[in-house]
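Every chain is numbered from 1, with letters handed out A, B, ... down the list of sequences.
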2 protein chains.
Amino acid sequence: MALEHAILVSLAERSASGYDLARRFDASIGHFWKASHQQIYKVLARMEADGWVSTERVSQGARPDKKVHAITETGHAELLAWSARPTPAEAVRSEFAVRIRALHLIDRATVLGAVRDRRQQHEDALAGYEASRRKYFADPAELADDEIGPYLALRGGIRLERNGIDWCDEIIETLGQR
Amino acid sequence: MALEHAILVSLAERSASGYDLARRFDASIGHFWKASHQQIYKVLARMEADGWVSTERVSQGARPDKKVHAITETGHAELLAWSARPTPAEAVRSEFAVRIRALHLIDRATVLGAVRDRRQQHEDALAGYEASRRKYFADPAELADDEIGPYLALRGGIRLERNGIDWCDEIIETLGQR
DNA sequence: TTCTTCATGTAATTGGTTACATGATTAT
DNA sequence: ATAATCATGTAACCAATTACATGAAGAA
């Protein structure tokens, strides 16, 4: 009950094929919501059946046809209804945190390796976010109305990665002292 | 392929019934991994079949019998094997972030309400973590070997909630300026 | 008398992953 | 030659949620 809405948000910004959406979910939107192409196609079919999106088949000569999906009136209404519902608590599932909690049960060096790996992943993700920020939001004081959301979401991503790096550093430092 | 391991970690600390585990997953471990009792009973049955845990039925007079589960040698071996496998990237699914990204599509006041709610949730969770820290880790310089993991995990929780609060504040402030 | 705690589950459904499938075009 | 990109899906399976079920003890 939420991939639907992430897709609606993405289609409200710009109509797209399932393939396009899958790429978006690998990039921008995907920072907050991951989805595979198989899943997207399945959900898209249901959304079409529910009348949330309309579908237009576009032939492109050589390349395979694509189905371009656009959000409908009904889809917009659903977006509003969704936004008015209370945000459910998020399912927390951090295998990394479970490993940290299990520190004394497993090999110290192995854990340290995992922490360093994860620190690097955060570092990479952060670099990507920072690049987006420089590219799309050079001057945060001058944001158009429809840019505030994406900007604040990006800020959330940046904060999350920095926070992850800091935690990794604390773990490495604490373990280094013993 | 991971609730199993969270359960193993919990049972390695202390043997427990499914009911006990469900309560732990509502408290300590549950900060990093949520699980319902139905799910726990199901997984526990599979773990018993795989020989990861042993089960002893304990009658308690008036109260219903309970099945106390303990980690086995095989279970410990599996924990070690699991810890040596690379940590898979975590599935990110933040409905809150999707809502923030969709800011311009939905009602401003509604979003602000959701942000304030969420800030309060973070505040409450933080208060709980801080209480645990004071209660169990009064002096972080004097940690026993088997306390470092739980302590560092708790620190991760504290950082996460603080970070969430800061992000909410940034959102509220940015929206207040327009 | 109603609610909460203790204690265990089954059944149905939804959501998501993994594996498999096809086929042309363009870049290395 | 080989791999990647474009474009769409089906099928099987696993994980997780929701709803339903039972029953006694003790607290409000």
Side-chain angles (χ1 to χ4, degrees), chain A residues 1-8 11 15-27 29-30 32-50 52-53 55-69 82 85 88-95 98, chain B residues 1-8 15-27 29-30 32-50 53 55-69 82 85 88-95 98:
Chain A
M1 273 293 156
L3 172 56
E4 277 87 334
H5 300 103
I7 290 178
L8 283 180
L11 289 181
S15 296
S17 67
Y19 187 85
D20 295 333
L21 282 169
R23 276 185 313 165
R24 287 188 203 168
F25 274 79
D26 262 356
I29 279 269
F32 320 111
W33 204 280
K34 298 248 175 263
S36 64
H37 70 105
Q38 293 94 330
Q39 202 188 340
I40 289 169
Y41 284 120
K42 218 191 303 180
V43 170
L44 228 26
R46 184 166 65 228
M47 289 168 78
E48 205 194 332
D50 291 344
W52 296 5
V53 299
T55 301
E56 197 200 347
R57 190 157 210 124
V58 177
S59 15
Q60 317 177 93
R63 290 195 196 150
D65 287 6
K66 67 172 163 182
K67 291 184 183 176
V68 177
H69 306 279
W82 164 75
R85 286 197 286 273
E90 261 142 50
V92 189
R93 256 174 211 134
S94 171
E95 186 164 332
V98 174
Chain B
M1 272 298 155
L3 171 56
E4 277 87 336
H5 301 103
I7 290 177
L8 283 180
S15 297
S17 66
Y19 187 85
D20 295 334
L21 283 169
R23 276 184 314 165
R24 286 187 204 168
F25 274 78
D26 262 358
I29 280 267
F32 320 111
W33 203 281
K34 298 250 175 262
S36 64
H37 70 105
Q38 293 94 330
Q39 200 189 342
I40 289 170
Y41 284 121
K42 217 190 302 179
V43 170
L44 229 26
R46 184 167 65 227
M47 289 169 78
E48 205 194 330
D50 291 344
V53 300
T55 301
E56 197 199 346
R57 189 158 209 123
V58 178
S59 17
Q60 318 176 94
R63 288 192 200 155
D65 287 6
K66 68 172 162 183
K67 291 184 183 175
V68 176
H69 306 277
W82 164 73
R85 287 198 286 272
E90 261 142 49
V92 189
R93 256 172 211 136
S94 170
E95 186 164 332
V98 174

Separation of [X] atom [atom1] from [N] atom [atom2], in whole Å?
X	N	atom1	atom2	result
A:K34	D:dA15	NZ	C1'	20 Å
B:R46	D:dA16	CZ	C1'	11 Å
A:R93	C:dT17	CZ	C1'	14 Å
A:H37	C:dC20	NE2	C1'	10 Å
B:R63	D:dA27	CZ	P	10 Å
A:F25	C:dG16	CZ	P	11 Å
B:L44	C:dG9	CG	P	8 Å
A:I40	D:dA7	CD1	P	14 Å

Mapping B:R57 and A:P64 to their closest nucleotides on DNA chain C, which lands nearer the 5' end? B:R57
B:K66 or B:A91, whichever maps to the more 5' nucleotide of DNA chain C: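 Its nearest nucleotide being more 5', the pick is B:K66.
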Short side-chain N/O contact to [N] OP1/OP2 from [X], under 4.0 Å:
X	N	result
A:K67	D:dG9	yes
A:Q60	D:dA7	yes
B:Q39	D:dT17	yes
B:Y41	C:dG9	no

N-O pairing of A:D20 and A:R23 below 4.0 Å: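 A:R23 and A:D20: salt-bridged.
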Taking the nucleotide of DNA chain D with the nearest heavy atom to each, does A:Q38 or A:D65 sit closer to the 5' end?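 Between the two, 5'-proximity favours A:D65.
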Near DNA chain D, under 4.0 Å by heavy atom, which residues of residues 15-23 of chain A? A:S17, A:G18, A:Y19, A:R23
How are the rings of B:H5 and B:W82 set relative to one another: parallel (under 30°), tilted (30 to 60°) or perpendicular (over 60°)? parallel
Go through the steps to decide whether A:E4 and A:W52 satisfy the test side-chain contact (heavy atoms from CB on, under 4.5 Å), and finish with yes or no. CA-CA 9 Å; A:E4 277 87 334; A:W52 296 5; 3.7 Å; yes
Does any non-hydrogen side-chain atom of B:V43 lie less than 4.5 Å from one of B:R46?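 Side chain of B:R46 against side chain of B:V43, heavy atoms only: contact under 4.5 Å found.
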Are any of the side-chain heavy atoms of B:I7 and B:V53 separated by less than 4.5 Å?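 Counting from C-beta outward, B:I7 and B:V53 never come under 4.5 Å.
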Residues which pass salt bridge (charged side-chain N to carboxylate O under 4.0 Å, His left out) with B:E90, listed by chain and number, not counting sequence neighbours: A:R118
Using a 3.5 Å distance criterion without hydrogens, assess whether the side chain of B:R24 forms a donor-acceptor pair with backbone atoms of B:G30.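 Not confirmed, B:R24 side chain does not pair with B:G30 backbone.
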May I ask you to say what A:K42 touches in the nucleic acid, namely base, sugar-phosphate or nothing, with a heavy-atom cut-off under 4.0 Å? base
